[in-house]
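Have a look at the structure below before the remarks.
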Amino acid sequence: MIEKTPAEIVLIRKACEITRDALILAKSLIREGISTYDIDKSIEKFIIDSGGTAPCKGYMGYPCASCISVNDMVVHGIPSKSIILKNGDIVSVDIVAAYKGYCGDATRTFCVGEVDGEKKKLVRVTKECFFKGIENARVGDRIGKISHAIQQHAESNGFSVVRELTGHGIGRKMHEPPEVLNYGKETDGAVIKENMVIAIEPMINAGKKEIAMLRDGWSVVTRDGKPSAHYENTVLFTAKGAEVLTLETDDEYYPR
Ligand code: MF3
Ligand code: CO
């Protein structure tokens, strides 16, 4: 269902706390020399130890608990012992945790050591896109209100919005209706309802918007080889507006 019951929201909140805390753990591990495989293994152990499960593992044959995407990789990077972080990389860590059958979904893009100015700005603007997206969105508006604000902020900063991948409703399944595009008109998309839970996830490229798929069937990269960033939270709509369920309590945007 697009609108969740109070009992479902209790479980989604818990799933979102595990997801958020797994991201905080991932952040603490990010440094030059660590493999994306080792980051994923720690994330998986944390989720299991927290009483949750990692629904990405086994999803359409996906082999890991998280997706970890470096530099020009947009999303769905498969953690690997041969991908070793180095100074100057940006790395997005995308985590879904489930608790008693309900999911939370969130992504952060981290900087490894000293990154160049373009990457730094890309990471900042991608996060800002999320908050611009939810800022004015209220129950009764269309999802397009979020989509339009994201596109506007990305493009006014000289970046481009990936079209092929979108945010989504979330609940028992990690991907449910409605679709949450990162571009479009304010009047597009489903109507936002009270107790709707959606994952909003701008994927923003420093260069052109076009993407390509690697031969592993998962990893999505930019066609022009320029970097890409990703920022995602699971959001609950109440009469007051958007409540971000996966946000770190010390985030600069907390409390809203
Ligand atoms: N977490 C992703 C999203 O934001 C989807 C993960 S794909 C999977 O929608 F294959 F890893 F499951
Ligand atoms: Co998602």
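First listed ligand is number 1; within each ligand, the first listed atom is number 1. Because the structure is a prediction, the values reported are computed rather than measured.
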Inset, instruction - From atom 1 (N) of ligand 1, work out which of Ile95, Ile170, Asp94, Ile78 has a heavy atom at the shortest distance. - result: Asp94

Legend entry - Nearest protein heavy atom with distance in Å, relative to atom 3 (C) of ligand 1: Asp105 OD2, 3.3 Å

Legend entry - Proximal atoms of ligand 1 relative to Trp218 (non-hydrogen, under 4.0 Å): 10 (F)

Legend entry - Region of Met60 engaging ligand 1 - heavy atom pairs below 4.0 Å: neither

Legend entry - ligand 1 atoms in contact with Tyr59 (distance to a heavy atom under 4.0 Å): 8 (C), 10 (F), 12 (F)

Legend entry - Other residues, nucleotides, ligands: >12 heavy atoms within 6.0 Å of Lys41 NZ: yes

Legend entry - Pick from His230, Met203, Glu201: the one approaching atom 4 (O) of ligand 1 most closely through a non-hydrogen atom: Glu201

Inset, instruction - Could you tell me if any non-hydrogen atom of Cys67 lies under 4.0 Å from any atom of ligand 1? - result: yes

Legend entry - Phe159 six-ring centre to Lys121 NZ/CZ under 6.0 Å and within 45° of normal: yes

Inset, instruction - List the steps, then state whether side chain to side chain contact (heavy atoms under 4.5 Å, CB included) holds for Leu245 with Ile12. - result: CA-CA 8 Å; Leu245 303 182; Ile12 291 173; 3.9 Å; yes

Legend entry - Verdict with supporting geometry, Arg138 and Asp141, salt bridge (Lys or Arg N to Asp or Glu O under 4.0 Å): CA-CA 6 Å; Arg138 295 288 178 273; Asp141 291 335; over 6 Å; no

Inset, instruction - Using a strict 4.0 Å cut-off to heavy atoms of Glu232, name the atoms of ligand 1 that fall inside it. - result: 4 (O)

Inset, instruction - Rounded to the nearest 0.5 Å, what's the gap from NZ on Lys57 to CD1 on Ile48? Could you check? - result: 8.0 Å

Inset, instruction - Please say whether His168 places an N or O atom under 3.5 Å from an N or O atom belonging to ligand 1. - result: yes

Legend entry - Location of contacts on Cys56 toward ligand 1, heavy atoms closer than 4.0 Å: both

Inset, instruction - Please say which of Val244, Asn233, Ile150 ends up in a side-chain contact (heavy atoms from CB on, under 4.5 Å) with Ile200. - result: Ile150

Inset, instruction - Working to the nearest 0.5 Å, report the span between CG of Leu165 and NE2 of His76. - result: 6.0 Å

Legend entry - Per-atom contacts of ligand 1 with Met174, taking only distances under 4.0 Å to non-hydrogen atoms: 12 (F)

Inset, instruction - Answer with side chain, backbone, both or neither: which part of Val75 has a heavy atom less than 4.0 angstrom from an atom of ligand 1? - result: neither

Legend entry - Under 4.0 Å to a heavy atom of Val96 - the qualifying atoms of ligand 1, by number: 1 (N)

Inset, instruction - May I ask you to decide if Glu232's main-chain N or O and Thr107's side chain share a donor-acceptor pair within less than 3.5 Å? - result: no

Legend entry - Tally, protein N/O/S atoms nearer to the Co ion (ligand 2) than 2.8 Å: 4

Inset, instruction - Would you kindly say whether Thr234 and Asp105 are connected by a side-chain donor-acceptor distance under 3.5 Å? - result: no

Inset, instruction - May I ask you to say whether Asp251 pairs ionically with Arg108, meaning some side-chain N is under 4.0 Å from a carboxylate O? - result: no

Legend entry - atom 7 (S) of ligand 1: nearest protein contact (heavy atom, Å): His76 NE2, 3.8 Å

Inset, instruction - State whether the number of non-hydrogen atoms from other residues, nucleotides or ligands found under 6.0 Å of Arg124 atom CZ is greater than 12. - result: yes

Inset, instruction - Take every heavy atom of His175, measure it against each atom of ligand 1, and state whether any distance is under 4.0 Å. - result: yes

Inset, instruction - Would you indicate whether Lys132, at its atom NZ, is surrounded by more than 12 heavy atoms from other residues, nucleotides or ligands within a distance under 6.0 Å? - result: no

Inset, instruction - Compute whether any side-chain donor of one residue and acceptor of the other, for Asp40 and Ser66, lie under 3.5 angstrom apart. - result: yes

